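Since the structure is predicted, the reported quantities are computational estimates derived from the model, not experimental observations. Just so you know, these numbers use all the heavy atoms, side chains as well, and skip hydrogens, waters and symmetry mates. Below, read A as the first sequence line, B as the second, and so on, with proteins coming before strands; counting in each chain starts at 1.
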Number of protein chains: 2
Amino acid sequence: MILELWCRANNAVKRGDPLALRRSSGRETMTPAARGASMTIASHALTPMLRKLRLWRHLTAREEEALLNLPHHVISTDRLQTLVNDGDVVSHAWLILSGFCVRFKIVGDGGRQILSIHMMGDLLDLQNAILGVADHGIQTLTKCEMARIPLAAIKTLTDVEPNIKDTLWFDTLVDGSIHREWVANVGRRSGKTRVAHLLCEFALKLEAVHPGDQLKYELPMTQEQLADATGLTSVHVNRVLQALAADGLIQRVTSKSILIGDWKKLATAGDFNRSYLHLDAAVRRAGTS
Amino acid sequence: MILELWCRANNAVKRGDPLALRRSSGRETMTPAARGASMTIASHALTPMLRKLRLWRHLTAREEEALLNLPHHVISTDRLQTLVNDGDVVSHAWLILSGFCVRFKIVGDGGRQILSIHMMGDLLDLQNAILGVADHGIQTLTKCEMARIPLAAIKTLTDVEPNIKDTLWFDTLVDGSIHREWVANVGRRSGKTRVAHLLCEFALKLEAVHPGDQLKYELPMTQEQLADATGLTSVHVNRVLQALAADGLIQRVTSKSILIGDWKKLATAGDFNRSYLHLDAAVRRAGTS
DNA sequence: CGCGAATTTGATCGGTTTCAAGGACCGTGG
DNA sequence: CCACGGTCCTTGAAACCGATCAAATTCGCG
């Protein structure tokens with residue numbers, strides 16, 4: 001249901017002829033007509049990015065305009081599409097317009113570790129693009145609409161708009177902060193705590209991009225993906241979810257629909273402290289300056 | 001012994017009257033005379049930073065000069081000093097001139113997770129400073145010499161020197177890449193693999209700032225700290241180290257001195273692929289442009 | 001309705017933790 | 001130079017959390 005709301009929120013994006021990403025090639029294909037369409041019609045396609053960046057720093061109207069005018073094209077993907085592979089040479093950033101994605105790594109024994117979960121407004125892969133070679137993969141969890149933005153255009157823009165560069169830098173720093181929390185999460189917390197922590201993080205990130213009461217939401221992940229994110233197995237995740245439900249911390253209407261029964265208790269069980277998300281950065285900044 | 005070499009390399013730094021950091025307050029104390037001394041005499045104190053930043057991007061002579069002229073003062077610390085606590089309001093960055101530091105988090109049950117290990121030339125806490133509130137702590141592993149640089153000065157400099165800003169941004173992105181590798185390391189690898197991976201990473205980072213054969217080095221960490229970095233217990237780290245030695249992957253002359261017996265085997269055992277360190281970024285950049 | 005994917009359950013196994021105690025090392029002071 | 005004390009390393013045995021394996025059940029969807 002939340003997904004539906006988002007689609008409505010994004011209805012400025014023309015999707016008359018959504019372009020499916022080919023699973024085999026991993027690169028988008030696009031007719032000249034479609035390319036032209038996405039460049040001109042979808043002039044406000046990038047608005048989800050603003051909602052996110054405004055959390056970090058104040059942007060002037062001119063700066064926001066410049067961000068919206070970044071060249072891009074919009075792509076529709078199936079679920080479970082791998083957009084970027086570890087080792088790829090990357091020259092574009094991805095912006096999520098709708099849907100959910102993860103970043104991940106594959107380790108030697110074939111195990112997979114999800115590094116972060118992303119949603120509408122998140123600018124993905126700017127890290128990979130600036131570093132030049134991808135050190136991790138990117139995969140969609142659900143059907144997504146993504147905007148593909150050339151790094152060169154971002155460079156050109158940030159070179160003349162220092163405040164935008166600072167904002168994007170800040171955005172990547174928050175990513176780093178979340179990584180650090182995840183290191184602690186998978187390194188030093190029990191299975192139950194890890195899962196509870198993830199549920200809290202997801203609720204708060206949802207709330208940030210889509211204000212409203214996010215105590216009930218659809219978790220766009222299978223238990224196996226949840227396991228990959230928490231460093232557990234899917235079997236154990238299943239048992240942990242049951243335990244959380246038994247304690248009344250969550251209720252599970254369907255398998256993926258999470259209803260947080262008691263936020264305070266869940267946050268305590270998840271050893272969750274929102275400060276690492278830095279969601280109050282703009283508020284704090286405004287208050288002190 | 002490596003530490004000795006480094007001290008010699010840093011002998012431009014005047015340390016006549018090292019200023020001990022007070023354990024209780026966590027803030028440096030400094031006589032006016034000493035402050036003046038560190039500002040003027042140690043004009044090349046910041047050179048270790050250049051060696052690191054040159055790995056990421058080319059810097060012009062003027063830019064390097066500007067970086068060296070950043071206002072700062074030099075501080076000597078004991079081992080196990082906590083320089084920054086989670087939650088601190090941060091207005092300075094720390095540059096390591098000699099010695100080793102870690103970044104860490106404390107989780108709910110009192111457990112500690114080390115997030116990254118740092119050495120000469122590493123610019124610490126720029127993340128915390130830009131984000132405003134520290135989301136993690138910083139502690140010295142050994143006696144260190146640190147330069148404390150006001151964030152305001154870095155801001156002023158990077159606003160007029162975009163290439164320096166890009167370089168520092170790149171530096172924080174590499175930090176993020178290392179964080180991602182650590183998430184995968186503690187999340188999805190066995191104890192033995194985790195420890196082997198850490199030993200490989202440390203050798204390579206040493207090599208980067210202090211070229212020479214780093215197959216033998218002093219690991220500036222106790223087994224308990226190794227455990228905090230790998231998400232294990234010190235008892236288990238002890239057993240893992242013995243196992244690695246039994247397999248001939250490492251030799252242990254003293255408890256902390258690591259001699260890598262077979263780099264290839266250790267890298268394989270540690271599922272280690274250096275690409276996430278992005279140490280070849282400058283090389284690659286030079287080759288393609 | 002029927003198929004494949006995802007969830008759930010049970011039983012067993014094993015890597016890692018925990019607890020506890022002994023021993024080695026190192027810096028310090030006498 | 002040695003004695004001392006504290007930190008760190010090492011070892012053993014037992015307990016436990018989470019993994020593994022396998023099978024049954026439910027869910028989602030065309």
Could you grab the distance from atom [atom1] of [X] to atom [atom2] of [Y], nearest 0.5 Å is fine?
X: B:Ile75; Y: B:Leu83; atom1: CD1; atom2: CG; value: 8.5 Å
X: B:Asp271; Y: B:Lys192; atom1: CG; atom2: NZ; value: 14.0 Å
X: B:Trp182; Y: B:Thr230; atom1: CH2; atom2: OG1; value: 8.5 Å

Would you mind reading off the distance between [X] atom [atom1] and [N] atom [atom2], rounded to a whole angstrom?
X: B:Lys256; N: D:dC8; atom1: NZ; atom2: C1'; answer: 8 Å
X: B:Gln223; N: C:dA24; atom1: CD; atom2: P; answer: 15 Å
X: B:Asp78; N: C:dG27; atom1: CG; atom2: C1'; answer: 14 Å
X: A:Lys143; N: D:dG28; atom1: NZ; atom2: C1'; answer: 13 Å
X: B:Glu224; N: D:dC8; atom1: CD; atom2: P; answer: 7 Å
X: A:Glu218; N: D:dG28; atom1: CD; atom2: C1'; answer: 13 Å
X: B:Arg252; N: D:dC9; atom1: CZ; atom2: C1'; answer: 9 Å
X: A:Leu219; N: C:dT7; atom1: CG; atom2: C1'; answer: 14 Å

Can you find a side chain N or O atom of [X] that sits less than 4.0 Å from OP1 or OP2 on [N]?
X: A:Gln225; N: C:dA6; value: no
X: B:Gln242; N: D:dT11; value: yes
X: B:Asn238; N: D:dT10; value: yes
X: B:Arg79; N: C:dG27; value: no

Between the protein and nucleotides 10-17 of chain C, which nitrogen or oxygen pairs are less than 3.5 angstrom apart?
unit_1	atom_1	unit_2	atom_2	d
C:dG10	N7	A:Arg239	NH2	2.5
C:dG10	O6	A:Arg239	NH2	3.4
C:dT16	OP1	B:Gly191	N	2.8
C:dT16	OP2	B:His236	NE2	3.1
C:dT16	O5'	B:His236	NE2	3.4
C:dT17	OP1	B:Thr233	N	3.3
C:dT17	OP2	B:Thr233	N	3.1
C:dT17	OP2	B:Thr233	OG1	2.9

**Prompt:** Below 4.0 angstrom, N of the basic side chain to O of the carboxylate: do A:Asp175 and A:Arg103 qualify?
**Reply:** yes
**Asked** Looking at A:Asp109 and B:Arg189, does any basic side-chain N land under 4.0 Å from a carboxylate oxygen?
**Response** no
**Request:** Verify, without hydrogens or angle tests, whether A:Thr142 (side chain) and A:Phe100 (backbone) share a donor-acceptor contact under 3.5 angstrom.
**Result:**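 Flag set: sc A:Thr142 to bb A:Phe100 pair under 3.5 Å.
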**Message:** Check the orientation of B:Phe272 and B:Trp263. Use parallel for under 30°, tilted for 30 to 60°, and perpendicular for over 60°.
**Reply:** perpendicular
**Item:** Residue whose closest nucleotide on DNA chain D lies nearer the 5' end, B:Met221 versus A:Thr254
**Value:** B:Met221
